[in-house]
There are 2 protein chains.
Amino acid sequence: MSLRNAVMAALLDGESSGYDLAKVFDASVANFWICTPQQLYRELDRMEADGLISARTVEQERRPTKRLFALTPEGREELTRFTAARHKPTAIRDELLVAVLAADSGDVEAVKASIRERKQWAEAKVERYERLRAKLLDGLPEEEFLATAERVGPYLTLLRGLSFERDNARWCARSLTVLERRGARLDAAK
Amino acid sequence: MSLRNAVMAALLDGESSGYDLAKVFDASVANFWICTPQQLYRELDRMEADGLISARTVEQERRPTKRLFALTPEGREELTRFTAARHKPTAIRDELLVAVLAADSGDVEAVKASIRERKQWAEAKVERYERLRAKLLDGLPEEEFLATAERVGPYLTLLRGLSFERDNARWCARSLTVLERRGARLDAAK
DNA sequence: CTCACATACTCAACTTGTTGACTAGGTGGA
DNA sequence: TCCACCTAGTCAACAAGTTGAGTATGTGAG
C-alpha cells in the first residue's frame, strides 16, 4: 500500500501525468522507493477506481493524448491517515550483500568486481543527490531553507537517500580493502 | 531468486532445520534480508525440488520431528554462479520515508512520533549488532580476525547492517530537530 | 494447575513487484 | 531517408512477499 502513498505524496506538488510521475519518481522519490512505469500505471488506475485521485484526459498537438492525475480530497485524507499510522522498519534487501555473504566460498574476484561497480554507482548517485540538494536549497543556507520552505519532506528524504549512498560507497571501499588483503594473503600462502 | 541464495549462504555453515534457519535469518541475515517462516518453508520445499538442497528427516524425543537441510553440490555451484552474477542496486523502500515525504501536509505530530519510535528501534539494533560483532571477533582485533577467519562474508554484511542502522538513527535525530524547530516557528507565527 | 512460550511446521489467500513485449505518433541528426 | 530516441502509454504472465490462521507437543514459572 506504500506505492499508493508515495504517488499521493508526489501529487502534493500538483497534477501530473503517469509518464511525468514516472520521471519524478525516478528523480526524487527514487531515493527511497523505486517502481517501474507498468506498476505506476496499474496503481494509478486502481487509485482512480478507489477515488483517491481524479483523472482528466488532455489532448495535445503533436504528442499523444495524456491523462493528468490529481489528488482528490479523499486522497488527501487517506494520505494524512497514512502519515498518522505506524510504519514497520525495513531491511536493506540487497542482492550484493547476499553475494558478499557467500563470497568466501564463491567467486571472490567476481564479487570484488561487483563491489567496485556498485561503488561507482553509489558515488554517481551521491553526486546526483548533491546536485538535487543544491537545486532544492536554491542558494539559501540550509537552516534558512528549512525555516522558510513550504515543504521540508522532500529535503529530508533526499538527505536520507544521500547518506544511504554515501554509506554504501564507504562500505564498498572497506569491503574491497578487506577482500583484497585476504586475496594477497592467500596468494602468499600458496 | 535472492531468498534462495541467502538460504544457501546460510547453509554454508552446515546443515540446519527450517526452524533454525528462521532464527539464523532473524539473527544475522536479517541485517540485510528479512523473511517470514512461511516464506522460508515454501522456498526450502522448492529448493529441494530443484535439487539445490537435500533434506533428511530426524525424529527426536520429546520434540517434534524435524527436517534438516543441507547444500547439495548443485546448490553450491548455483550459489557460486550467483556470486559471479551482476547485482542490481536497490533503494531503501521504507514506509517511514513516504510518511516524511508527505509530512508537511499530513499529521506532523504523528510522523514525529513515528520517527522517535524508529530512532529507538534503530539504536536497539545497533546495540544488538555491536554485540554480534564482538561475538564474531571473539576477542581478536579486527585486522587479525579479518586475516585469519575462515569466512569474512558474515562480518562484512554485519558491518553493512550496523552502519545502516547508525545512519538511520542519525537521520531520525536530524529530522526530528528540523520538524521540531519548524513546529516552534509555526506556533510562534500563530 | 494453568498459562505462556518454545519447537517445528503447514495451508491458503492475497498483494506487490518484475519482466518482456507491444502500440503509435513525433523529433532531430547523419 | 533512415535510425534512434522521446512521449504516453497498455497487456499479460509470473515471481516474491505478506497476512492470518491452524496443528501438535513439551518445558518452566508462578
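So you know, we letter chains A, B, ... as the sequences are listed, proteins then strands, and number each from 1.
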Inset, instruction - Examine D:dG17: is either OP1 or OP2 under 4.0 Å from a nitrogen or oxygen in the side chain of A:Arg93? Give yes or no. - result: yes

Inset, instruction - Determine, for B:Arg118 against B:Asp94, whether the closest basic-nitrogen to carboxylate-oxygen distance falls under 4.0 angstrom. - result: yes

Legend entry - Counterpart residues, ring pair (Phe, Tyr, Trp, His ring centres under 6.0 Å), relative to A:Tyr155 (two or more places apart): A:Phe145

Inset, instruction - Return the value, rounded to whole Å, for the distance between atom CZ of B:Arg46 and atom P of D:dA16. - result: 7 Å

Legend entry - Basic-acidic side-chain contact under 4.0 Å: A:Arg67, A:Glu48: yes

Inset, instruction - Among the candidates C:dT19, D:dT18, C:dT18, find the nucleotide nearest to the side-chain atoms of A:Arg42. - result: C:dT18

Inset, instruction - Quantify the bending of the helix from C:dC1-D:dG30 to C:dA30-D:dT1 as the angle between its end axes, each fitted on five pairs, to 10°. - result: 40°

Legend entry - For atom CD of B:Glu95 and atom P of D:dT18, their distance in whole Å: 11 Å

Inset, instruction - Output yes when a side-chain donor or acceptor of B:Ser28 lies under 3.5 Å from a complementary backbone atom of B:Phe25, and no otherwise. - result: no

Inset, instruction - Might you work through the salt bridge (Lys or Arg N to Asp or Glu O under 4.0 Å) test for A:Glu43 and A:Arg4, ending with a clear yes or no? - result: CA-CA 7 Å; A:Glu43 199 59 37; A:Arg4 264 176 135 74; 2.8 Å; yes

Legend entry - B:Trp33 CH2 to D:dA16 C1', straight-line distance once rounded to whole Å: 9 Å

Inset, instruction - Using atom CD of B:Glu61 as one end and atom P of D:dG26 as the other, report the distance to the nearest whole Å. - result: 11 Å

Legend entry - Between P of D:dA16 and CE of B:Met47, the distance in whole Å: 12 Å

Inset, instruction - Verify salt bridge (Lys or Arg N to Asp or Glu O under 4.0 Å) between A:Asp13 and A:Arg151, making sure each step is shown before the conclusion. - result: CA-CA 10 Å; A:Asp13 281 332; A:Arg151 292 182 64 190; 3.0 Å; yes

Inset, instruction - Take B:Arg4 and A:Lys88, find for each the nucleotide of DNA chain D with the closest heavy atom, and name the residue whose nucleotide sits nearer the 5' end. - result: B:Arg4

Inset, instruction - Let me have a per-nucleotide readout for nucleotides 1-10 of chain D, 5' to 3', with B, S or -, counting only protein heavy atoms under 4.0 Å. - result: -----SBBBB

Inset, instruction - Count the heavy atoms belonging to other residues, nucleotides or ligands that lie under 6.0 Å from CD of A:Glu150, then report whether that count exceeds 12. - result: no

Inset, instruction - State whether the side chain of B:Ser54 and the backbone N or O of B:Thr72 hold a donor-acceptor pair below 3.5 Å, judged by distance alone. - result: no

Legend entry - Protein-nucleotide distance (B:Phe25, atom CZ; C:dA8, atom C1'), rounded to Å: 17 Å

Inset, instruction - Round to a whole Å and report the spacing from CZ of A:Arg62 to C1' of C:dG26. - result: 9 Å

Legend entry - Main-chain N/O of B:Phe82 paired to B:His87 side chain as donor or acceptor, under 3.5 Å: yes

Inset, instruction - Round to the nearest Å and state the distance from B:Gln39 atom CD to D:dA15 atom P. - result: 15 Å

